[in-house]
Amino acid sequence: MKQLKSLHDLALFGASPAFAEPLHVGRPNLGSREAFLAYANAIFDRRWLSNNGPLVQEFERRLAEFLGVTHCVAMCNGTIALEIAIRALELKGEVIVPSYTFIATAHALQWQEITPVFADIDLQTHNLDPEAVRRMITPRTTGILGVHLWGRGCPVIELQAVAEEHELKLLFDASHAFGCTHDGVPIGAFGECAVFSFHATKFFNTFEGGAVITDNEDLAVKMRLMKNFGFSGYDNVIYPGTNGKMTEMAAAMGLVNLDAVDEFVAVNRRNHVLYSQRLNAIEGLSVLAYDDCEQNNYQYVVVEVGEAFPVSRDEIVHALQAENVLARRYFWPGCHNMLPYRAFYPHVGLLLPNTATVADRVIVLPTGATVDESQIETIADIFNILSYSKKVGYQECCREFL
Ligand code: T4K
């Protein structure tokens, strides 16, 4: 692997990239290929591909057990799962959400003509600030949609108190939090229900997929109807519905990956520890920590770039990408700065100062089984070189080479 010693060794300034192939954020975590192919063969033999097949049923059973809930309703993706949960809870008017999340959280509301009202986050946790939520409540508010960002539980007790005080429904987007706990309690135990994404890039994937988990039987029954056009047996529709069904192949992938969860955690944790050791030693950088007293999936390596670092966050991302490290600026610039929300509320940023600060600071780095320790050392070297450069030196190099 290329040795990186000075600014002149950076690809940005004409050197060859540190990595011949791109290192992605979000390379899928994969369980046993053989086990998956065995499931695929059985699917072929059975000719049962979708519509609540045997693997989906097994997947739902095993997932409910793993996640510590009574009901797991598997879906075709996390966005549809969110939409169905929101609809089944009969939310309307306005629902309070963080702006600092993947756009699907807000879109799932807007798609149903419910107004997402953005509340600010806490600077340290990156999760919703309950006081900010309180400030955004109006007579039209019907719910709070919290997000357990990066897999770390948002303040569920405080949000529950706000919800009860104002008679609001509370649900959670747990897309990042598969297998995580909050205060030692499995993450799906809070609120009316929790929604997961099993997209390829998530800690736990089913190619595409999602689920809503809940202990509320009535809610589960309603969501099962909704995800299957409202069919209750042949020729009998008793509810308005959509097509949110998970396929058998997706469930097969889920079953295989469920068996490999401990391996995924171990690799992610190893990477997270190494990144933290190397990057926290550099002034102006801090790697978001996971509480070792909780269960975490360590899926996101989130680096915050402070003012003490001599190069801006965007310049770092540019330099990393030139080296084939395809770091991401999740979730910049915040949902409120994307359309249609930016057009709806052009000044809402004034109420979201922490969202802006965090969105401007964060870099998410590649991890998972396709990233090894020597690659992390090289990525840390890139940060080190950038950090040694005084701002002026870096800018001079930019002028010279670009
Ligand atoms: N709520 C939250 C909080 C979410 O984070 C998400 C999804 C949702 C709701 C919605 O759930 P879904 O409807 O998606 O199930 C990605 C994912 O597409 C998205 O699912 C995810 N959040 C979000 C955080 O990240 P992008 O556009 O940033 O990344 P994408 O899809 O371009 O993939 C990133 C990289 O991963 C690629 O450059 C290459 C690599 N990759 C990707 C795929 C799909 C692979 O190596 N193999 C693959 O198969 O959104």
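In listed order, ligands and their atoms are each counted from 1. Computed from a prediction, not measured in an experiment: that's the story for all the values here.
- Taking the six-membered ring where the residue is Trp, the centroids of Phe204 and His199 are separated by 6.0 Å or more.
- A cation-pi arrangement is present between Arg329 and Trp332 under the rule of less than 6.0 angstrom and at most 45 degrees off the ring axis.
- The shortest heavy-atom contact between Ala74 and Met246 is CB-SD, 3.8 Å.
- A centroid separation of less than 6.0 Å is found between the aromatic rings of Phe178 and Phe66.
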Tabulated below should be the N or O atoms of ligand 1 paired with protein N or O atoms at under 3.5 Å; can you produce that?
| from | atom 1 | to | atom 2 | distance (Å) |
| --- | --- | --- | --- | --- |
| ligand 1 | 1 (N) | Asp173 | OD1 | 3.4 |
| ligand 1 | 1 (N) | Asp173 | OD2 | 2.7 |
| ligand 1 | 1 (N) | Ser175 | OG | 3.3 |
| ligand 1 | 5 (O) | His176 | NE2 | 2.9 |
| ligand 1 | 5 (O) | Lys202 | NZ | 3.3 |
| ligand 1 | 11 (O) | Ser197 | OG | 3.2 |
| ligand 1 | 13 (O) | Gly78 | N | 3.4 |
| ligand 1 | 13 (O) | Thr79 | N | 3.0 |
| ligand 1 | 13 (O) | Thr79 | OG1 | 2.6 |
| ligand 1 | 15 (O) | Gly78 | N | 2.9 |
| ligand 1 | 15 (O) | Ser197 | OG | 2.7 |
| ligand 1 | 20 (O) | His199 | ND1 | 3.2 |
| ligand 1 | 22 (N) | Lys202 | NZ | 2.6 |
| ligand 1 | 25 (O) | Tyr330 | OH | 3.4 |
| ligand 1 | 28 (O) | Arg328 | NH1 | 3.3 |
| ligand 1 | 28 (O) | Arg328 | NH2 | 2.8 |
| ligand 1 | 28 (O) | Tyr330 | OH | 2.8 |
| ligand 1 | 36 (O) | Val25 | O | 3.1 |
| ligand 1 | 36 (O) | Gly26 | O | 3.3 |
| ligand 1 | 38 (O) | His24 | ND1 | 3.3 |
| ligand 1 | 46 (O) | Arg27 | NH1 | 2.7 |

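- Checked against the 6.0 Å centroid threshold, Phe36 and Phe207 count as a close aromatic pair.
- Relative ring orientation between His272 and Tyr298 is described as tilted, the plane-to-plane angle lying within the 30° to 60° band.
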